[in-house]
Every structure is written in structure tokens, then in C-alpha cells.
Amino acid sequence: RKEVEQDPGPFNVPEGATVAFNCTYSNSASQSFFWYRQDCRKEPKLLMSVYSSGNEDGRFTAQLNRASQYISLLIRDSKLSDSATYLCVVSGGGGSQGNLIFGKGTKLSVKP
Amino acid sequence: GAGVSQTPSNKVTEKGKYVELRCDPISGHTALYWYRQSLGQGPEFLIYFQGTGAADDSGLPNDRFFAVRPEGSVSTLKIQRTERGDSAVYLCASSGSVSHYNEQFFGPGTRLTVL
């Protein structure tokens, strides 16, 4: 089982749509969880951290379920500029909390 | 302020050659990380430094890969006897300290192609 698994997509949605991405992780010792965004041929950039209580940043909402080892990202009112690959990321467990473990990414394409 | 910078942006080399990839972290960041990203994959952890010392090198695939950070700032990733399978984008990131709470800021990467 891969450490971080996510649906690769692509998700093709019209502008204004709501889209949800899901991710599962295998290491129960992981302490921190993130969604990164990566544009084509660019470096990953932090979109948001994910907390057990759930957190929202404008049109983006992230949820974490530690019991199920499941992370989600919801994007409301999609914009053309949201088109990118969304990477689910968890910190390494135990003594490896400093390094990040990335999923393969889910590609989102928002169409006019 | 300046972000993480990496040089060169692209490197084409022949199988068997030696290459060095350089990373300049954000000024003042004590933690520095190397990842590599193959096509269609997420970044894969290689090694990270806290200051001058390698705190975790468990991601280095084999002994052809080595990284240094002699003065606690700039880091160099060194690959000996390159193989075609080493072709990837090598990403460097830095953060204020080694903590899972601290955001890692990524550089633009070095695209390595081994012919």
C-alpha cells in the first residue's frame, strides 16, 4: 500500500462547480497534513494545512479524519485559475516528522 | 524577499557522468530539504539538513547520491555515475526549522536529463 494515495483524475469541471478531492495515508504516526498546489512545470506551493477540526480558507475547505486516515479538500465556485495538480501531503511519522510524503497528485482542469 | 533558488535550471548529461546541483535556501532558514520528482509522480523525499548536519538521509536511493551543506546555508546534491533512471526534477525546499508545523518553501527545481 502506498503511503499517500489519491485519485489522479483528471477532474474536468465547469467554472462555478464544486469539486472534492480525497486522500488516504498509511502511517498513523504522521502528525501534520497539508494540501499543496502544483502548476505545470512549477514547484509545489502550500495551499493549506489540514487540522482535525477542519479548516476553511475562502473557497477552500480541508478536513482530516485521523481514525480513518483520510484527508479531503473541497473547492467551491471553481475558477479557471484553480486548474492545477493538488498534492496531498503528510509528514513522516516517528523521527521523520521533518520530511514530507507526497501523493501523486490529483489534476484539476476548470473549463469556461 | 528572495525565495529558494536552484542552479542550474536544466542539466543534460551523459550516462556515467558526475553532476552537482546547487540550492540556495531562503536567508535565515536552518532546515533544508531535497526531493526529486519524476513525471506523473509527487515529490519523493531524499534528505534533509538541520544546519550543517544531515538529520535524515533515509531517502537517498543509493550511495551514488550524496549531499552537503558545509556552512549551513547553500547545499549541493552530488550524483556520481549517473544513470538514465536518475532523470527527474530535483527540488530543494527550506523552512525556518525542522518541524512538521513549519511550511516548506520550494525552489523551482533542476531538471536533470541523463542521456
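Residue numbers start from 1 in every chain, and the chains themselves are labelled A, B, ... in the order their sequence lines are given, proteins ahead of strands. Just so you know, these numbers use all the heavy atoms, side chains as well, and skip hydrogens, waters and symmetry mates.
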* Asked: For the residue pair B/Tyr35 and B/Phe106, does the interplanar ring angle fall in the parallel (under 30°), tilted (30 to 60°) or perpendicular (over 60°) class?
  -> tilted
* Where does the angle between the aromatic ring planes of B/Tyr48 and B/Tyr33 fall among parallel (under 30°), tilted (30 to 60°) and perpendicular (over 60°)? -> tilted
[Y] versus [X], side-chain donor and acceptor atoms under 3.5 Å:
{"X": "A/Arg76", "Y": "A/Thr61", "value": "yes"}
{"X": "A/Asn99", "Y": "B/Asp56", "value": "yes"}
{"X": "B/Gln104", "Y": "B/Ser95", "value": "no"}

* To do: Please look at A/Gln38 and chain B and tell me whether the side chain, the backbone, both or neither of the residue comes under 4.5 angstrom of a heavy atom of that chain.
  => side chain
* Could you tell me which portion of A/Leu87 (side chain, backbone, both or neither) has an atom closer than 4.5 angstrom to a non-hydrogen atom of chain B? => side chain
* To do: Would you kindly confirm whether B/Phe66 and B/Trp34 end up in one hydrophobic cluster when ILVMFWY residues are joined by side chain heavy atoms under 4.5 Å apart?
  => no
* **Residues of residues 37-44 of chain B with any heavy atom under 4.5 Å of a heavy atom in chain A** => B/Gln37, B/Gly40, B/Gln41, B/Gly42, B/Pro43
Can you give each donor-acceptor pair under 3.5 Å made by side-chain atoms of residues 13-23 of chain B, sequence neighbours left out, with the distance rounded to 0.1 Å?
from    : atom 1 : to      : atom 2 : distance (Å)
B/Tyr18 : OH     : B/Glu20 : OE2    : 2.6
B/Arg22 : NE     : B/Asp24 : OD2    : 2.9
B/Arg22 : NH2    : B/Asp24 : OD2    : 3.2

* To do: Mind ranking A/Arg41, A/Lys45, A/Lys42 by heavy-atom pairs under 4.5 Å with chain B and telling me who comes out on top?
  => A/Arg41
